[in-house]
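All remarks here apply to the structure that follows.
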There are 2 protein chains.
Amino acid sequence: MKTRDKILLASLELFNEQGERNVTTNHIAANLAISPGNLYYHFRNKSDIIYEIFQEYEKLVDFYLDIPENRPMTLADMTFYLESVFDGLWSYRFFHRDLEYLLDRDPRLRKDYREFTNRCLASISLIFEKLADSGIIEPQPESLRAAMSLNVWLVITNWMAFLKTAHAEQASACLTLRELKQGIYQVLTLEIPYLTPAYREQVLELREKYRPTMPEQEGEQEAPVN
Amino acid sequence: MKTRDKILLASLELFNEQGERNVTTNHIAANLAISPGNLYYHFRNKSDIIYEIFQEYEKLVDFYLDIPENRPMTLADMTFYLESVFDGLWSYRFFHRDLEYLLDRDPRLRKDYREFTNRCLASISLIFEKLADSGIIEPQPESLRAAMSLNVWLVITNWMAFLKTAHAEQASACLTLRELKQGIYQVLTLEIPYLTPAYREQVLELREKYRPTMPEQEGEQEAPVN
DNA sequence: GACTACCTAGAGTATATACTCTAATAATAC
DNA sequence: GTATTATTAGAGTATATACTCTAGGTAGTC
């Protein structure tokens with residue numbers, strides 16, 4: 001693999017594990033056993049590395065959320081979208097953690113992320129629309145759909161932060177993809193009241209599969225050590 | 001005012017304006033025209049300043065979310081809770097921005113914040129319960145109420161981050177309390193399907209008051225300059 | 001073999017930042 | 001008034017971090 005790609009890969013891994021703020025360019029170089037000079041030969045600065053990683057993320061999610069216009073949407077489709085989005089969140093999980101700081105630092109990123117958000121919101125809204133077309137959820141006026149989509153987005157993008165802050169131990173270490181996907185439970189919670197009788201039970205069953213196993217919100221009870 | 005209190009006040013203000021990450025202890029001292037030594041006489045380190053500010057925040061929200069058990073809940077109560085929580089978010093808005101980093105840095109804060117979250121979730125759930133008692137929303141099983149409360153929490157705590165990232169300009173400068181309170185619109189959106197016919201119109205009217213004036217999600221249209 | 005384009009090492013630098021240390025000054029107690 | 005305690009100034013430090021610079025190696029081509 002080319003050094004340039006190795007740098008991107010190692011950066012992503014370190015960022016995800018330790019947070020962008022805690023990973024220096026020197027760390028990245030050391031991790032790859034290359035010199036800082038070498039790293040800066042391939043990237044002008046740290047921002048450029050982050051920007052390029054973001055573009056990968058963007059591309060991935062855009063790919064997942066490309067809604068086919070020519071056929072009705074099934075429950076399986078919806079599940080796929082949800083699973084995919086959370087997979088994406090997981091793979092680039094460092095990004096949402098330090099989002100505001102990163103956007104303040106890099107105007108390119110701010111602009112791109114803003115457009116990315118709008119595309120995602122549009123996709124979510126389209127999904128709702130097509131779910132209504134398929135008779136899975138009741139159709140809703142456009143304005144409500146927009147507000148609902150925004151809520152879905154807020155839940156999705158904030159779920160990981162919630163998990164990390166709800167954990168007793170340090171955030172980075174103990175978080176699994178499985179736990180992250182319990183966010184799907186929360187998203188489906190939003191849909192419940194809009195489900196048609198025909199699909200209600202099916203979706204509720206699907207939702208159960210993502211029900212948190214560990215009691216997340218009842219944090220008072222620490223795990224007994226002995 | 002005592003120097004100690006001035007430090008807390010100036011720190012909060014600077015943190016809110018520029019983000020904790022961008023405000024150094026030297027900045028705080030300079031802002032107050034005192035010496036760094038003086039600052040460190042009053043606080044052992046930066047973490048202690050942040051921790052103390054958090055405790056103020058906690059106290060404030062706990063005060064707001066103290067639900068009276070002995071009387072039914074009115075729409076006015078609900079409005080008050082929503083307004084208050086967003087006021088609190090505004091006054092201590094730096095906190096949620098760098099939350100994960102702060103919690104990683106200070107175990108006390110992690111523990112306290114975790115318990116704080118649980119108290120808030122319990123309050124939200126209690127509010128739903130009492131709203132059902134008052135016939136404002138339909139009663140729901142406890143498990144659904146818990147999931148709904150968590151969604152409300154996610155929307156509330158992530159709304160500001162969304163606003164900042166949706167803005168085209170740098171985050172810190174252009175954000176008003178008024179815009180922040182449009183988050184109430186999103187929270188009320190979550191309630192819509194559960195409203196009883198008797199209160200539906202009233203709540204929808206209330207919700208309209210918080211409807212975003214500027215088109216937030218249609219970011220493509222930049223303001224025409226000429 | 002020599003030219004070129006690409007790649008790499010590693011020491012080094014400017015700047016920032018959290019924090020310390022000493023000494024001096026103000027406030028208070030007796 | 002004097003002893004003590006609380007407060008303050010301000011220079012200074014250890015460490016970190018993003019990034020630079022120079023020199024040299026490697027691979028392919030003719």
Side-chain angles (χ1 to χ4, degrees), chain A residues 1-54 94-95 97-98 100-110 172, chain B residues 1-54 94-95 97-98 100-110 172:
Chain A
M1 191 190 289
K2 295 222 163 197
T3 302
R4 193 187 152 80
D5 294 325
K6 280 199 263 182
I7 292 171
L8 287 173
L9 214 66
S11 300
L12 177 57
E13 199 179 318
L14 291 173
F15 289 163
N16 278 339
E17 278 168 13
Q18 300 169 36
E20 182 271 341
R21 194 170 182 174
N22 300 316
V23 176
T24 74
T25 49
N26 291 349
H27 287 150
I28 299 167
N31 185 264
L32 287 169
I34 66 172
S35 65
N38 193 353
L39 186 145
Y40 278 92
Y41 168 78
H42 290 284
F43 293 94
R44 267 201 359 261
N45 51 44
K46 199 181 171 187
S47 267
D48 277 8
I49 298 177
I50 294 164
Y51 186 58
E52 210 147 309
I53 293 177
F54 167 70
F94 86 94
F95 189 70
R97 174 184 164 145
D98 286 312
E100 291 192 48
Y101 177 78
L102 296 175
L103 298 193
D104 277 353
R105 280 283 176 107
D106 190 339
R108 290 173 305 177
L109 201 59
R110 173 173 292 281
S172 35
Chain B
M1 190 190 290
K2 294 222 163 196
T3 303
R4 193 187 152 81
D5 294 325
K6 279 199 264 182
I7 293 171
L8 287 173
L9 215 66
S11 299
L12 176 58
E13 198 179 318
L14 291 173
F15 288 162
N16 277 340
E17 277 168 14
Q18 301 168 35
E20 182 271 341
R21 196 171 182 173
N22 299 317
V23 176
T24 73
T25 48
N26 291 349
H27 287 150
I28 299 167
N31 185 264
L32 288 169
I34 66 172
S35 64
N38 194 353
L39 187 146
Y40 278 92
Y41 169 76
H42 290 284
F43 293 93
R44 268 203 357 261
N45 51 44
K46 200 182 173 188
S47 267
D48 276 8
I49 298 177
I50 294 164
Y51 185 59
E52 211 147 310
I53 293 177
F54 167 69
F94 86 93
F95 189 70
R97 174 183 165 147
D98 285 313
E100 291 192 48
Y101 177 78
L102 297 175
L103 298 194
D104 277 353
R105 280 284 176 106
D106 190 339
R108 289 173 306 176
L109 201 59
R110 174 173 291 281
S172 33

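Letters A, B, ... are given to chains in the order of the sequence lines, protein chains preceding strands, and every chain is numbered from 1.
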Between Thr3(B) and dT8(D), is there a side-chain N or O to OP1/OP2 distance below 4.0 Å?
-> yes

May I have the distance from Tyr101(B) (atom OH) to dT17(C) (atom P), rounded to whole angstrom?
-> 11 Å

Would you tell me whether Tyr40(B) and Arg44(B) have side-chain atoms, one donor and one acceptor, within less than 3.5 Å of each other?
-> no

Between Leu32(B) (CG) and dT7(D) (C1'), how many Å, whole number?
-> 15 Å

What do you reckon, is CZ of Arg21(B) surrounded by more than 12 foreign heavy atoms closer than 6.0 Å?
-> yes

Choosing from dA9(D), dA11(D), dC7(C), which nucleotide comes nearest the side chain of Lys2(A)?
-> dC7(C)

In whole angstrom, give the distance that lies between atom CD of Gln18(A) and atom P of dT17(D).
-> 11 Å

Of the candidates dT20(D), dC7(C), dA9(C), the side chain of Ile34(A) sits closest to dA9(C)

Winner on side-chain proximity to Ser35(B), out of dA18(C), dG10(C), dA9(D), is dA9(D)

Between atom CZ in Arg21(A) and atom P in dA16(D), what is the gap in whole Å?
-> 16 Å

Quick one: label Ala33(A) by what it contacts on the DNA or RNA (base, sugar-phosphate, nothing), any heavy atom closer than 4.0 Å.
-> sugar-phosphate

Here the distance between atom C1' of dA16(D) and atom CG of Asn26(B), to the nearest Å, is 15 Å

Quick one: is His42(B) getting a side-chain N or O under 4.0 Å of the dA6(D) phosphate, OP1 or OP2?
-> no

In whole angstroms, the gap separating P of dG10(C) from CD1 of Ile28(A) amounts to 18 Å

Looking at Tyr41(A), does any N or O in its side chain come under 4.0 Å of the phosphate oxygens OP1/OP2 on dC7(C)?
-> yes

Which nucleotide, dC19(C), dA9(C), dC7(C), lies nearest any side-chain atom of Asn38(A)?
-> dA9(C)

Closest heavy-atom contact between Ile7(B) and Phe43(B)?
-> CG2-CE1, 3.6 Å

Measure from CZ on Arg105(B) to P on dT17(C) and round the result to the nearest Å.
-> 13 Å

Minimum-distance nucleotide to Lys46(A) side chain [options: dA18(D), dA9(D), dT17(D)] = dA18(D)

Which nucleotide sits closest to the side chain of Tyr40(A): dG10(D), dA18(D), dA11(C)?
-> dA18(D)

So, is Asn45(B) close to the dA18(C) phosphate, meaning a side-chain N or O under 4.0 Å from OP1 or OP2?
-> no

One should read off an interatomic distance between Asn16(B) CG and Phe95(B) CZ, to the nearest 0.5 angstrom, of 12.0 Å

Side-chain atoms of Thr25(A) come closest, of dA9(D), dT8(D), dC19(D), to dC19(D)

To the nearest Å, how far apart are Leu39(A) CG and dG12(C) P?
-> 20 Å

Under 3.5 Å, side chain of Asp106(A) to main-chain N/O of Leu102(A), donor-acceptor pair present?
-> no

